[in-house]
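To start, the structure under review is shown below, and the notes come after it.
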There are 2 protein chains.
Amino acid sequence: MADATQEPEDGIWLYCSNSAVRRAARQLGRLYDDAMGDTGLKGTQFSLLSQIWRSGEPTLKNLAEAMVMDLSALGHTLKPLLRDGFVELVPDEKDRRVKRVRLTEAGEAIQRELTSRWQAAQSRFDAAFGKEKSEELRRMLAFISSPEFAERFTAG
Amino acid sequence: MADATQEPEDGIWLYCSNSAVRRAARQLGRLYDDAMGDTGLKGTQFSLLSQIWRSGEPTLKNLAEAMVMDLSALGHTLKPLLRDGFVELVPDEKDRRVKRVRLTEAGEAIQRELTSRWQAAQSRFDAAFGKEKSEELRRMLAFISSPEFAERFTAG
DNA sequence: TTAAAATACTGGCATATGCAACTAAATAAA
DNA sequence: TTTATTTAGTTGCATATGCCAGTATTTTAA
């Protein structure tokens, strides 16, 4: 308990997986944001643009699911990108409830620029953490992010 | 590129560590928030109260460093907890620039309640992910959150 | 001892996220 | 087909976080 003599390395993050992941997210957030440099965009925006590009005009619903993000949260996060003209929403042909996200010309251009910078950052990550362990870590995190894991967690 | 035929399991998070960690943080955020139930507090607040308790009246600076959080971000995050009377700021005796964070009576009470709920959630996490791998994961994340890692990453 | 530099915090502004309530549209049930 | 239910998004409100600029102190250098 309230014992100020403990080691600074000891903390809730060594026992709580949620605390551990968020703490690492803060550290990486800063590191990758820095890597995006003067582009004016952040690491999270790179992830989003990148996934939109990889998905090829996904619906908001599908994109949100892939990103394991709340649909409304995705909407909010997309605001600045829409405002700055990097993405646009196009109504679906068949289902009028559906909207698809698409990268604009400017969006593709900035995405290429960000990808280049991201690649450099990811290489530094792999070098600092070890390429093998790096891949293993991402696989672990992908599993934790899966519906199967949520199912197991909730059921347990 | 924009090839909609790809597997839904494929995504930027399999290549970008930052994307992978944030994605997992969103999943765990929801699972642990749910675990906090009707207490009105979230998993992040549990982490904070917990670390304050473990540190024994830390300075804002020290707490921010331990949590790998920006000092101003910590200040913002503490707002709701201060408003609801779970923590209080006490000026340091020696250095008048310094403020220390302390749990109030209500703060200790809610912290005990949250810890109980957190323990149940953490047990489910360990069961779903494997106790061994769970500990290994937290160690990996703790390393990634360390100044040494940031140093290696930035230098590399 | 006085001026310059480093510290610890605060406040404002911006993005990141989630939940609950609400609207529009499509689908299943009567 | 009329009605109930489910789906896909939107909007408002709240917490989470970070950067930058500004204030109060303390420490260091002249």
Side-chain angles (χ1 to χ4, degrees), chain A residues 18-19 21-34 36-49 58-65 67-84 86 89-101, chain B residues 18-19 21-34 36-49 58-65 67-84 86 89-101:
Chain A
N18 182 45
S19 303
V21 171
R22 296 193 73 94
R23 189 159 169 268
R26 287 191 290 270
Q27 170 95 299
L28 292 186
R30 293 200 242 186
L31 261 24
Y32 280 74
D33 276 358
D34 283 351
M36 296 303 125
D38 59 5
T39 61
L41 297 188
K42 327 233 293 180
T44 49
Q45 302 181 306
F46 158 72
S47 300
L48 211 43
L49 292 175
T59 67
L60 288 178
K61 185 77 194 318
N62 288 168
L63 181 58
E65 274 171 6
M67 298 294 284
V68 185
M69 190 179 285
D70 183 273
L71 176 58
S72 73
L74 172 61
H76 295 315
T77 303
L78 243 24
K79 287 282 174 60
L81 296 174
L82 281 163
R83 179 200 59 202
D84 299 332
F86 294 130
L89 296 180
V90 295
D92 184 89
E93 299 288 287
K94 296 70 178 277
D95 195 329
R96 285 190 299 174
R97 289 172 303 182
V98 177
K99 286 184 183 174
R100 289 171 180 283
V101 201
Chain B
N18 181 45
S19 303
V21 171
R22 297 193 73 95
R23 189 158 170 268
R26 287 191 290 269
Q27 170 95 298
L28 292 186
R30 293 201 240 187
L31 296 177
Y32 280 73
D33 277 358
D34 284 350
M36 296 303 124
D38 59 4
T39 60
L41 296 190
K42 326 234 293 179
T44 49
Q45 301 181 305
F46 157 72
S47 300
L48 211 44
L49 292 175
T59 66
L60 287 178
K61 185 77 193 318
N62 288 168
L63 181 58
E65 274 171 6
M67 298 295 285
V68 186
M69 189 179 285
D70 182 274
L71 177 58
S72 72
L74 172 61
H76 296 317
T77 303
L78 244 23
K79 286 282 174 59
L81 296 173
L82 281 163
R83 179 200 59 201
D84 299 332
F86 294 129
L89 296 181
V90 296
D92 184 89
E93 298 288 286
K94 294 70 176 281
D95 195 329
R96 287 189 300 175
R97 287 171 304 182
V98 177
K99 286 185 182 173
R100 287 170 180 284
V101 201

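In the text below, chain A, chain B and the rest are named by the order of the sequence lines, each starting its count at 1. Since this is a predicted model, take the numbers as computed values, not measurements.
- Salt-bridge formation is detected for the pair Arg97(B)/Asp95(B): a Lys NZ or Arg NE/NH1/NH2 atom is positioned less than 4.0 Å from an Asp or Glu carboxylate oxygen.
- Listed for the Gln45(B) side chain is a donor-acceptor partner under 3.5 Å among the backbone atoms of Lys42(B).
- Between Glu93(A) atom CD and dA25(C) atom C1' the separation is 16 Å, expressed in whole Å.
- Atom CG of Leu31(A) and atom P of dC19(D) are 11 Å apart (whole Å).
- Under the 3.5 Å distance criterion, the side-chain polar atoms of Arg83(A) are left unmatched by any main-chain donor or acceptor of Leu78(A).
- Computed from coordinates, the Glu65(B) CD to dT7(C) C1' distance equals 12 Å when rounded to whole Å.
- Atoms CG (Asp38(A)) and P (dC19(D)) sit 16 Å apart, rounded to a whole Å.
- If you take OG1 on Thr59(A) and CG on Leu89(A), they are separated by 11.0 Å, rounding to the nearest 0.5 Å.
- Atom NZ of Lys79(B) and atom P of dT10(C) are 8 Å apart (whole Å).
- Between the Arg26(B) side chain and the Met67(A) main chain, a donor and an acceptor come within less than 3.5 Å of each other.
- Distances shown here put a side-chain N or O of Arg96(B) below 4.0 Å from the OP1 or OP2 atom of dT26(D).
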Each nucleotide N or O in nucleotides 12-19 of chain C that has a protein N or O under 3.5 Å away: list the pair and distance.
residue : atom : partner  : partner atom : Å
dG12(C) : O6   : His76(B) : NE2          : 2.9
dT15(C) : OP1  : Arg83(A) : NH1          : 3.2
dT15(C) : OP1  : Arg83(A) : NH2          : 2.9
dA16(C) : OP1  : Thr44(A) : OG1          : 2.4
dA16(C) : O3'  : Arg22(B) : NH2          : 3.3
dT17(C) : OP1  : Arg22(B) : NE           : 3.0
dT17(C) : OP1  : Arg22(B) : NH2          : 3.2
dT17(C) : OP1  : Arg26(B) : NH1          : 3.0
dG18(C) : OP2  : Asp70(A) : N            : 2.9
dG18(C) : O6   : His76(A) : NE2          : 3.1
dC19(C) : OP2  : Asp70(A) : OD2          : 3.2
dC19(C) : N4   : Ser72(A) : OG           : 2.4

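- A close approach under 4.0 Å does occur between a side-chain nitrogen or oxygen of Lys99(A) and OP1 or OP2 of dT10(D).
- Comparing Lys94(B) and Arg97(A) by the nucleotide of DNA chain D that holds the closest heavy atom to each, the one mapping nearer the 5' end is Arg97(A).
- Proximity of a side-chain donor or acceptor of Asp92(A) to a complementary backbone N or O of Lys99(A) within less than 3.5 Å is not detected.
- Toward the 5′ end of DNA chain C lies the nearest nucleotide of Gly75(B), the other residue of the pair Asp95(A) and Gly75(B) mapping further downstream.
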